[in-house]
Amino acid sequence: MNVLGIDIGGSGIKGAPVDTEAGTLLGERFRIPTPSPSEPAPVAEVVRQIVDHFSWTGPVGVTFPGVVADGVTRTAANVDRAWIGLDARKLFTEATGREVVVLNDADAAGVAEARFGTGRGRKGLILMLTFGTGIGSALIMDGVLVPNTEFGHLEIDGHEAEHRASDHAREKHDLSWDKWAHRVQEYLEHVEMLLSPSLIVIGGGVSKKPERFLPHIHLPNTPVVTAALQNNAGIIGAALAAVPPVGAGVRA
Ligand code: BGC
């Protein structure tokens with residue numbers, strides 16, 4: 001079925017119609033910069049503009065860069081704090097006049113990768129980690145998502161992992177790729193020790209440049225690969241989540 005997927009990120013809000021059986025975009029992505037400050041009303045207005053751009057009348061899935069439980073956004077580490085405790089599903093549904101489903105951005109990306117990307121046909125525990133403004137995580141066991149895992153906030157040596165090892169941290173602290181890769185390696189060793197996944201998939205913007213950091217990453221027991229769907233994973237996963245009956249689509 002065709003569903004409009006919209007991915008809310010720290011710098012841009014991107015949308016495209018998705019063929020949810022094939023896991024592919026049906027047209028060009030449309031991107032609008034994330035409003036600053038990223039308060040609910042201007043963000044909902046951008047979501048409406050994306051729906052209007054595609055003259056979309058069908059179901060819509062939207063990702064959010066924080067914990068989302070039952071349509072309510074519970075945390076906002078990298079967006080305006082006004083999102084905390086807000087009924088985002090209601091906000092977007094009213095803004096667009098469409099049925100909207102909302103889920104965590106990394107969960108969306110993880111489900112899409114598990115079904116159509118590097119995890120395709122693979123059993124066991126897949127851990128997706130997205131490196132962008134923050135670090136997002138998704139845990140998928142035999143195709144079933146465990147939502148809202150938030151492993152980007154694990155503390156290592158007294159520091160939150162995403163403050164040291166996100167792509168934003170790399171830019172902010174002007175780290176060389178080697179130095180940043182070293183921090184990512186430390187972080188991955190820690191999550192490998194805690195979770196023993198069968199595969200770790202690295203997503204976010206950095207997945208387009210694997211040669212810069214992947215040669216420095218080695219885990220004793222877990223293959224580490226970059227996302228096959230790259231930056232489209234969030235859009236595709238958002239669309240999967242909105243396939244009726246809602247919730248069924250987040251099985252990989
Ligand atoms: C948020 C997560 C989100 C990740 C990536 C973190 O700061 O807590 O919910 O998935 O950033 O956007």
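Ligands are counted one by one from 1 in listed order, and the atoms in each one are counted from 1 as well.
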Between E171 and H168, a side-chain donor and acceptor under 3.5 Å: no

Which segment of P65 sits under 4.0 Å of ligand 1 when only heavy atoms are counted: both

Residue portion contacting ligand 1 (non-hydrogen atoms closer than 4.0 Å) for N148: neither

Going by the atom numbers of ligand 1, which of them fall below 4.0 Å from some non-hydrogen atom of [X]?
X    : answer
N78  : 6 (C), 7 (O), 11 (O)
H153 : 1 (C), 6 (C), 7 (O), 8 (O)
A77  : 7 (O)
G136 : 4 (C), 5 (C), 10 (O)

Within-shell test, N104 vs ligand 1, heavy atom, strictly < 4.0 Å: yes

Within-shell test, G66 vs ligand 1, heavy atom, strictly < 4.0 Å: yes

S137-ligand 1 polar pair, N/O distance under 3.5 Å: no

Under 3.5 Å: N/O of D105 near N/O of ligand 1: yes

NZ/NE/NH1/NH2 to OD/OE distance under 4.0 Å, R183 and E186: no

Passing option when P40 is tested against V79, T73, L86 for side chain to side chain contact (heavy atoms under 4.5 Å, CB included): L86

pair V68-R74: side-chain heavy atoms closer than 4.5 Å: no

R29 atom CZ: more than 12 heavy-atom contacts under 6.0 Å: yes

Heavy-atom nearest neighbour in the protein, as seen from atom 9 (O) of ligand 1, with distance rounded to 0.1 Å: E150 OE2, 2.5 Å

Closest protein heavy atom (residue, atom, distance) for atom 6 (C) of ligand 1: E162 OE1, 3.2 Å

Criterion side chain to side chain donor-acceptor pair (under 3.5 Å) against T63, the qualifying member of D7, D107, D105: D7

Closest heavy-atom pair and its distance - A114, I126: CB-CD1, 4.2 Å

Shortest non-hydrogen separation from A228 to E113 and the atoms involved: N-OE2, 3.0 Å

